[in-house]
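Here's the structure, in structure tokens; my notes come after.
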Amino acid sequence: MSAQLAAYTTSTGEAFQFWVLGTVAVIGALGTVFMKKAVHSALSLAGTMIVLAVFYLANGAYFLGIVQIVVYTGAIMMLFLFVVMLVGVTAADSLKETIQGQRWLALLCGVGFGVLLLGGIGNATLTEFNGTGRANANGNVEGLAALIFTKYVFAFEITGALLITAAVGAMVLTHRERTERAKTQRELAEQRVREGKHVPPLPAPGVYARHNAVDIAGLLPDGTPSELTVNKTLRERGQIRDVSAEALNDLKALEQRAEERLERTAIEPANLKRAEEASK
Amino acid sequence: MNPVNYLYLAALLFTIGATGVLIRRNAIVVFMCIELMLNACNLAFVVFSRMHGNLDGQIIAFFTMVVAAAEVVVGLAIIVSLFRTRHSASVDDASLMKL
Amino acid sequence: MENLIALLIAAPLLGAALLLTGGRRLDSVGHWIGTLLSATSFVFGVILFADLLGKDAEHRTLTQHLYTWVPVESFQADVTFRLDQLSMTFVLLITGVGSLIHLYSVGYMEHDERRRRFFGYLNLFLAAMLLLVLADNYLLLYVGWEGVGLASYLLIGFWQHKPSAATAAKKAFLVNRVGDMGLSIAIMLMFTTFGTFAFGPVLGSVGDASEGKLTAIGLMLLLAACGKSAQVPLQSWLGDAMEGPTPVSALIHAATMVTAGVYLIVRSGAIFNAAPDAQLVVTVVGAVTLLFGAIVGCAKDDIKKALAGSTMSQIGYMILAAGLGPIGYVFAIMHLVTHGFFKAGLFLGAGSVMHGMNDEVDMRKYGGLRTYMPITFVTFGLGYLAIIGFPFLSGFYSKDAIIEAAFAKGGTQGWILGGVALLGAAITAFYMTRVMLMTFFGEKRWQPDENGNEPHPHESPSVMTIPMIVLAVGSVGAGFFFHLGDRFLNWLEPVTGHEEGNSPVGAGAITAATLVLLVVGAGIAYLQYGRKPVPVTAPRGSLLARAARRDLLQDDFNHVVLVRGGEHLTRSLVYVDHTLVDGVVNGTAASFGGLSGRLRRLQNGFARSYAVSMFGGAALLVAATLLMRAV
């Protein structure tokens, strides 16, 4: 293994692995950029990161490969997903550009930068190719540990300070100081009575057994949906599904099926079509 | 295969990530693109480590990961608080820095 | 003894401070305080004079260092006084004539409710003038110079309720400013050339400086002298300055202040001696002014303005003499002193006449006054005889000496200057005889003033006549006294130096020619104004007469050349400023504004947009790095 890593060229196996997984990595990266939904982007990125972890292993960085999977893909990406869920998993990002010329400029810069970087790498004369065999002779983790606790000990200590600062910072940013005591249920009820609004509990969402999901507004007696019945968070995200027309359409579909069975003439096929659409 | 190909891959991933930062408006996606750029750099460091035959490159990549973790924590906290006040995670909505 | 020098100045300065800040309390005694302090200064002057006389001619220079005014590195300005023979002469003239005029003013200004203030100004003038002549360096002299200008302004405009007086004061002040500029530039040049402006070091090291620099300094000093002494081309203010009370005209605009220019040139003699070009310009200015003043004096019907023209002309003589160099310095000062006597006497006489004639100044409305005011007639007559150079009176000795010195200049210059001086003497005889005849002889041409009051000519009170008598005695005797045994020459020579010129014409011949011209001038005047009745309204007169009545068009010249020219210059400068300068400035601003307006659009507030710039910059940096490596 070490002899192979020390060579100027890699083994055929590694080459094969590079070309296959490299393609996956690029696809994942492109997916990250171009997927409409944030959750898809996050998944694409997770894929790319796993591929990178494999490459780390292939390059003799065993410790980093494992850390990449455990910390990056396992922890950080999950943190991302968590925030994506918090913000709204279904909120699709429109890819339509709003800043004039931004997209073209970005692509121009990107292409230019990429070309320059690739050219730069191609231009560099990398004749030395030592491989990590000797460096990893006493074990990769031991080698890293020896460096971290000797040469890079200060940087390492400062990293500790950075992490603590980041943790405190995250708490400061997301923590909201409560300036007064939270109202008890009793007080809230009394306030409602005083104001004369919503004296009884809010109506529950969903009206039929088929549609009792939390994101479906309950229907008022006249058939119009009442947003009051839906959770405030969903309301703000605009994630309320309207099924007010569905009941009627279902009824019509039932009637039609009954008519067909009773061999009567069909009425208003347009309504049927709409009902099918809505049921999706 | 020459391991320099890893560097080409790293450059490509970095460029894709950078372009993504520029064209996406969802702050979370922008952030993910930044992570992509950091990972591309890490790959380059690891490959450099292999080329030079010592572990310094890996150490740098390790530190990058730590810093990225810290950055993610703070960045996501900012996004969450931004979303709380603006009900939007679009970076274009925070465009008050103009005349 | 040296400590008395500061007291010379302190006495009138104290008077000015008292009178100007004392308020109405001092109204009743203010004039006597002023007169007393002026006389005190004169007494100190006499004591110092006696002290100087008791010393050798070589040791007659006293200095008193009061304190260091501006002690900055090489810029050392001291308040140091220097009393030598030249300063002493001036001190006696200023305090002596000044005290007499103070006394005269007590009577003349009796009915003026602001008399206390008037005496305060007079004392202020005395202090400033004494500072001017006692200063040991040019900077301190400049302080006195400006102080004199201020006092002159205040006194000319003393009757500020008259618009003409206010305007005249302003005019005098402005024209003087032009001269003051010259003095300040001269002092700056001196400082850059010699590194100091004390008289001793500057005048002692004249040999170290280049002639060009000395000429520049000399011309600037001459400009200063022209301003203060009313020489062409800065002469225009003197005639109008007669708007001030007559004692002011006598003290400031005849006897003392206008001689400051002569003092400056004689004091700076070493500089002029080393700059012949500047000296030549001085003589030319003197000669031109001499004729200019004389011609103006011939045409004026206003008695004070006629005397003002005469003053200009006589100071022209002095400047001419001062421009002749060591040949003429002593005679310039001598004429200055004798002129101080007889011109002050003439002005006081004119004031006395006006006092008796309801402040009428037009000589065509006088006539036959000799029987009504005999003392005035006699003193004025003696002054008249002195100024025209009647044999053995003051003017005879001093003016004759100047004419001789002018011929002694030698060459064509000598002939021209001498000729001008001779011609001036003839014209002087003409216009002074004219004044004399129109005022005191002939039939009465009195007319009621605008209020219908018939004039009742009467002799002035003794407080006014006594100074006139004293001055008349000076007019008669001073010249002979100075001339006897060359007293004045020996007195001044250690300071100014003296050379005997070699005149191409004998002294006797010049004296004879002067006397002949004197008789001719006076004779023509007699034929015109003594034999024929004087018309009450001025005849149209010849072109020259009309021009002379308008001061030889000096104001028209100033208006056309300076005012109009200045206006045009200003207008064109404003035009250039508006179009070119403002155009460039505004254009620059507008182009930057436009550019910024475009650039501002880059600042759209979108973080992504800024990120593009950063990314593009990073790309450029990579490109630059690659290029550098390739090179």
Side-chain angles (χ1 to χ4, degrees), chain A residues 9-10 14-15 18 22 25-26 29-30 32-33 38 41-42 45 48-49 52 55-56 59-61 64 67 71-72 76 79-80 83-84 86-87 93 98 103 106-107 110 113-114 117-118 121 126 128-132 134-135 143-144 147-148 152 155 159 162-163 166-167 169-170 173-174 236, chain B residues 1-9 11-20 22-26 28-29 31-33 35-36 39 42-43 46-47 49-56 58-59 61-63 65-74 76-81 83 87 89-90 92:
Chain A
T9 57
T10 54
E14 200 190 336
F18 173 79
V26 171
L30 289 173
T32 308
V33 175
S41 288
L45 185 60
T48 305
M49 282 179 173
L52 289 182
F55 284 159
Y56 291 173
N59 281 292
L64 281 185
V67 169
V71 176
Y72 241 119
I76 294 183
L79 201 57
F80 265 107
V83 174
V84 167
L86 197 70
V87 169
D93 195 9
T98 47
R103 177 162 294 176
L107 285 178
F113 188 80
L117 219 49
L118 296 178
I121 294 166
L126 296 159
E128 302 279 320
F129 196 74
N130 298 324
T132 47
R134 205 150 44 87
L144 282 178
L147 274 177
I148 284 176
Y152 294 99
T159 315
L162 176 72
L163 283 172
L173 279 169
T174 50
E236 279 181 2
Chain B
M1 183 199 79
N2 191 326
V4 171
N5 286 346
Y6 284 114
L7 293 181
Y8 287 123
L9 177 65
L12 196 59
L13 292 181
F14 185 90
T15 309
I16 292 172
T19 314
L22 298 183
I23 63 177
R24 291 304 296 263
R25 267 171 301 165
N26 189 332
I28 301 170
V29 179
F31 214 24
M32 285 192 272
C33 290
E35 291 302 317
L36 183 61
N39 271 290
N42 276 354
L43 177 62
V46 168
V47 175
S49 164
R50 185 185 185 185
M51 287 177 168
H52 290 291
N54 59 33
L55 295 176
D56 287 327
Q58 292 185 21
I59 297 283
F62 171 72
F63 281 129
M65 280 185 190
V66 178
V67 173
E71 182 219 347
V72 164
V73 169
V74 178
L76 288 179
I78 291 174
I79 289 173
V80 167
S81 59
F83 181 75
H87 302 295
S90 169
D92 284 1

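Note that the structure is predicted; figures quoted are calculated from it, not measured.
Annotation: maximal heavy-atom pairing with chain B below 4.5 Å, among A/V67, A/L30, A/T48, occurs at A/L30. Counting heavy-atom pairs closer than 4.5 Å to chain A, the top residue among B/T19, B/L55, B/V72 is B/L55. In terms of heavy-atom pairs under 4.5 angstrom with chain A, the leader among B/I59, B/T15, B/L36, B/V74 is B/I59. Annotation: maximal heavy-atom pairing with chain A below 4.5 Å, among B/L9, B/N39, B/V46, occurs at B/N39. Of the listed residues (A/G169, A/A167, A/G143, A/A61), the greatest number of heavy-atom pairs within a distance under 4.5 Å of chain B belongs to A/A61. Between chain B and the options A/I76, A/L147, A/L117, A/L163, the largest number of non-hydrogen pairs under 4.5 Å is found for A/L147. Note on B/L43, B/L12, B/V73: by heavy-atom pairs under 4.5 Å with chain A, the leading option is B/L43. Contacts with chain A were tallied for B/A18, B/G17, B/A77, B/G20; B/A77 has the most, counting heavy-atom pairs under 4.5 Å.
Rounding to the nearest 0.5 Å places SG of B/C33 at 9.0 Å from CG of B/L22. The distance from atom OG of A/S41 to atom CD1 of B/I28, rounded to the nearest 0.5 Å, is 10.0 Å. For the atom pair CG (A/L52) and OH (B/Y6), the distance works out to 11.0 Å, reported to the nearest 0.5 Å. Remark: B/E71 CD to B/M65 CE distance equals 14.0 Å, nearest 0.5 Å.
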**Item:** side chain to side chain contact (heavy atoms under 4.5 Å, CB included) evaluation trace for A/T32 with B/E35
**Value:** CA-CA 11 Å; A/T32 308; B/E35 291 302 317; over 6 Å; no

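Within the 4.5 angstrom heavy-atom criterion, atoms from both the backbone and the side chain of A/L79 approach chain B. Of the atoms belonging to A/F80, heavy atoms from both backbone and side chain fall under 4.5 Å from chain B. Heavy-atom distances place both the backbone and the side chain of A/V26 under 4.5 Å from chain B. Only the side chain of B/F14 comes within contact range of chain A, with heavy atoms under 4.5 Å apart. For B/F63, the part lying near chain A is the side chain, with the backbone staying farther off; criterion is any non-hydrogen pair under 4.5 Å. Using a 4.5 Å cut-off between heavy atoms, B/V80 touches chain A through its side chain atoms alone. Heavy-atom distances place the backbone of B/N54, and not its side chain, under 4.5 Å from chain A.
With sequence neighbours excluded, no residue forms a ring pair (Phe, Tyr, Trp, His ring centres under 6.0 Å) with A/Y152.
B/M51 places a side-chain heavy atom less than 4.5 Å from the side chain of B/L7. Side chains of B/Q58 and A/Y56 form no contact here, defined as non-hydrogen atoms less than 4.5 Å apart. Looking only at side-chain heavy atoms (C-beta outward), B/F62 and A/L144 stay at 4.5 Å or farther from each other.
In this structure a side-chain-to-backbone donor-acceptor pair under 3.5 Å is present from B/R24 to A/V33.
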